[in-house]
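Below is one structure, written out as structure tokens; comments come after it.
The structure displayed is predicted, hence computed values, not measured ones. Sequence lines set the chain letters: A, B, ... in the order given, protein chains first and strands last, and positions in each chain run from 1.
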2 protein chains.
Amino acid sequence: MTATDARADRPTGRTRLLPPLPTQAERVAELLRESLIDGVYPPGQRLSEERLCEEFGVSRNTLREAFRLLVRERLLVHQMHRGVFVGLPTSDDVRDLFKARRILELPALRGAAAPSEEAVRQVGAAVDEGEAAREREDWWRMGTANMRFHQAVAGLAESARVNGFMSQVLAETRLVFHVMDAPREFHAPYLDWNRRIHTLLASGDARGAAEELTTYLDASEDQLVTAFTAMEDRA
Amino acid sequence: MTATDARADRPTGRTRLLPPLPTQAERVAELLRESLIDGVYPPGQRLSEERLCEEFGVSRNTLREAFRLLVRERLLVHQMHRGVFVGLPTSDDVRDLFKARRILELPALRGAAAPSEEAVRQVGAAVDEGEAAREREDWWRMGTANMRFHQAVAGLAESARVNGFMSQVLAETRLVFHVMDAPREFHAPYLDWNRRIHTLLASGDARGAAEELTTYLDASEDQLVTAFTAMEDRA
DNA sequence: ATTGAAGTATCGTTCAACAATCCAACGATG
DNA sequence: CATCGTTGGATTGTTGAACGATACTTCAAT
């Protein structure tokens with residue numbers, strides 16, 4: 001502590017107007033995160049520090065900072081002296097993810113007795129986007145829209161932290177879909193469910209919407225878990 | 001990629017028997033985390049890289065890796081070219097934290113129609129510990145026990161991810177208590193509530209337990225928010 | 001009092017080096 | 001032939017120093 005500790009020792013209380021100007025590590029993490037949910041790196045694969053800091057043009061230390069972030073989000077797993085690997089979810093993980101989704105999504109939907117106009121609109125927008133993508137047979141965007149739908153449902157809780165948790169859960173769910181690469185026909189049947197849920201929600205029947213979502217989640221989990229256990233037994 | 005790419009490129013599928021052997025950055029993060037929830041560093045204070053890597057005996061790079069972890073947990077906030085600061089929650093944060101707690105705790109409690117013996121036992125243990133601490137007038141452990149109670153309630157969901165989210169939320173809540181340093185009389189009245197909730201839960205009345213918890217959370221939030229807004233207006 | 005121009009301390013990032021550790025391949029032993 | 005040490009190479013873990021970039025303070029000038 002020097003004589004004149006010049007630096008202010010508390011953060012600006014002002015709410016950020018300018019975007020926080022991401023640091024390099026955060027930018028690398030963002031790029032990696034998108035690559036991961038896009039399935040660029042197959043689940044279970046090891047990510048070489050040497051190769052990636054070459055690829056991104058950053059130093060090893062910066063890359064490692066980015067790794068920590070994604071490990072915390074469970075997109076990567078870290079093994080001492082072995083390196084980081086793309087997450088490889090198991091059927092247990094699938095079950096746990098759906099437990100978390102029930103906890104996060106259902107109360108958000110039920111609690112939406114007087115939901116904000118904007119939040120409901122976002123749910124509807126995701127439904128529209130999904131149906132449009134199905135029309136165009138753009139299966140990738142359809143899957144993305146489905147994720148956005150569930151993100152919007154959790155968004156009804158109007159909580160920054162709940163939103164953060166939910167996006168983590170959904171990112172990990174993307175990994176699940178990549179383990180068994182069958183995103184096409186997987187999301188398609190659920191679009192109608194999404195539409196139904198939104199209709200009930202918009203009409204004020206949060207209760208009914210929650211019931212629909214419950215059966216949705218049950219069905220989706222069953223489908224995934226059976227596919228997973230079959231795959232695991234085969235391996 | 002050398003001719004003989006020796007390293008296995010997938011993580012050991014086996015569930016961890018040996019503890020993951022924490023890396024240095026994780027150990028530093030753990031120490032810092034405990035210091036933060038213990039209130040060693042007052043909320044809002046800036047944490048100097050130079051001073052802390054001296055204090056912990058690690059290099060700056062390693063310390064920065066630890067910082068990333070805690071920033072992600074919202075215990076620290078990071079400002080570009082300014083450094084990291086201990087989180088300084090506002091009344092808005094308090095409200096958001098309670099939204100998240102309602103989402104996480106209430107469904108876990110309600111969904112405990114057939115709760116695991118062990119999970120309920122842990123809830124009871126936290127209640128016992130709290131009352132014992134009150135007896136001894138050990139206010140610090142009493143506060144800790146109260147946190148453990150709510151962690152155990154969320155634990156009824158039996159989901160690793162939900163548990164992770166909950167411990168984050170509670171760690172941040174500790175920061176809230178440190179902002180207005182009044183942990184003593186704050187937790188005391190809630191112990192009886194905890195006892196009541198556990199009794200109802202153990203007797204199979206999850207519904208009633210959830211109602212008790214609802215009023216608990218409402219009261220606690222009100223108390224905190226009013227204290228916070230008063231403090232904020234004064235500043 | 002306000003503005004503006006140094007000065008300084010700290011952060012952001014890179015680089016190079018070394019120790020620790022894991023893994024594959026090899027070879028010895030039964 | 002199978003099993004078990006040993007060894008060598010590759011990768012990660014961590015450090016220390018360096019340099020540019022930025023924000024805060026100081027102080028002078030208006």
Side-chain angles (χ1 to χ4, degrees), chain A residues 1-14 16-32 44-71 76-86, chain B residues 1-14 16-32 44-71 76-86:
Chain A
M1 195 145 357
T2 62
T4 68
D5 194 5
R7 205 55 144 269
D9 73 339
R10 39 187 46 232
T12 81
R14 309 266 312 97
R16 292 226 143 290
L17 289 336
L18 270 33
L21 245 300
T23 183
Q24 192 119 322
E26 293 173 56
R27 240 174 304 159
V28 171
E30 176 62 26
L31 279 177
L32 252 179
Q45 191 182 58
R46 173 165 154 272
L47 299 182
S48 160
E49 290 187 358
E50 195 173 10
R51 201 164 58 81
L52 282 187
C53 62
E54 166 70 21
E55 186 160 328
F56 288 116
V58 301
S59 79
R60 269 183 69 208
N61 289 321
T62 302
L63 179 68
R64 286 166 61 88
E65 283 190 23
F67 275 171
R68 301 284 175 185
L69 261 12
L70 299 171
V71 166
L76 300 179
V77 300
H78 181 186
Q79 294 193 12
M80 185 76 161
H81 285 117
R82 297 233 309 141
V84 301
F85 301 78
V86 181
Chain B
M1 198 153 344
T2 62
T4 69
D5 194 6
R7 207 55 146 269
D9 72 339
R10 39 188 45 231
T12 82
R14 308 266 314 98
R16 292 226 142 291
L17 289 336
L18 270 31
L21 245 301
T23 183
Q24 193 115 322
E26 292 172 56
R27 241 173 302 158
V28 171
E30 177 61 26
L31 279 178
L32 253 179
Q45 191 182 59
R46 172 165 154 271
L47 299 182
S48 159
E49 289 187 358
E50 193 174 9
R51 202 165 58 81
L52 281 188
C53 62
E54 166 70 21
E55 187 161 328
F56 289 117
V58 300
S59 79
R60 272 183 65 207
N61 289 319
T62 302
L63 179 68
R64 286 167 59 88
E65 282 190 23
F67 276 170
R68 299 286 175 186
L69 262 16
L70 298 171
V71 167
L76 300 179
V77 299
H78 182 182
Q79 294 192 12
M80 185 75 160
H81 284 118
R82 297 233 310 142
V84 301
F85 302 78
V86 181

Could you tell me how far apart A:Glu50 (CD) and D:dG13 (P) are, to the nearest whole angstrom? 14 Å
So, does A:Gln24 get its side chain near the phosphate of C:dT14, meaning an N or O under 4.0 Å from OP1 or OP2? yes
Could you state the CZ-P distance from B:Arg68 to C:dC11, rounded to the nearest angstrom? 13 Å
Rounded interatomic separation in angstrom, taking CZ from A:Phe67 and C1' from D:dG13: 14 Å
Strictly under 3.5 Å: I want the nitrogen or oxygen pairs between protein and nucleotides 15-20 of chain C, one per line.
from: C:dC15; atom 1: N4; to: A:Asn61; atom 2: ND2; distance (Å): 2.6

Walking DNA chain C from its 5' end, the first of A:Leu63 and B:Leu47 to be reached, judged by nearest nucleotide, is B:Leu47
D:dC24 phosphate, OP1 or OP2: any side-chain N/O from B:Arg82 under 4.0 angstrom? yes
The nucleotide from C:dC22, C:dT13, D:dG13 with an atom nearest the side chain of A:Glu49 is D:dG13
N/O (side chain, B:His78) to phosphate O (OP1/OP2, C:dC11) under 4.0 Å: no
With sequence neighbours left out, write down each residue that passes side chain to side chain contact (heavy atoms under 4.5 Å, CB included) with B:Glu54, or none if nothing qualifies. none
Looking at D:dT14, I'd like to know if its phosphate oxygens (OP1 or OP2) sit under 4.0 Å from a side-chain N or O belonging to B:Thr23. yes
All side chain to side chain contact (heavy atoms under 4.5 Å, CB included) counterparts of A:Ala25, not counting sequence neighbours: A:Thr23, A:Thr62, A:Glu65, B:Arg68
Over all atoms of both residues, closest heavy-atom pair of B:Leu76 and B:Val86: CD2-CA, 3.9 Å
For A:Glu49, the salt bridge (Lys or Arg N to Asp or Glu O under 4.0 Å) test, sequence neighbours excluded, returns A:Arg60, A:Arg64
Without decimals, in angstroms, what is the distance between B:Gln79 CD and C:dG12 P? 11 Å
Rounded off to whole Å, could you give me the CZ-to-C1' distance for the B:Arg64 and D:dT15 pair? 15 Å
Rounded to whole angstroms, how far apart are CD on A:Glu26 and C1' on C:dT13? 14 Å
Is the phosphate of C:dC11 approached by B:Arg46 (side-chain N or O, under 4.0 Å from OP1 or OP2)? yes
Considering all heavy atoms, the nearest A:Ala66-A:Val28 contact: CB-CG1, 3.8 Å
Got a sec, which residues hit side chain to side chain contact (heavy atoms under 4.5 Å, CB included) with B:Glu50, two or more places apart in sequence or on another chain? B:Ser48
Among D:dT12, C:dG12, D:dT15, which nucleotide has an atom closest to any side-chain atom of B:Thr62? D:dT15
Contacts of B:Glu55 meeting side chain to side chain contact (heavy atoms under 4.5 Å, CB included) (sequence neighbours excluded), chain-then-number -> B:Tyr41, B:Arg51, B:Leu52
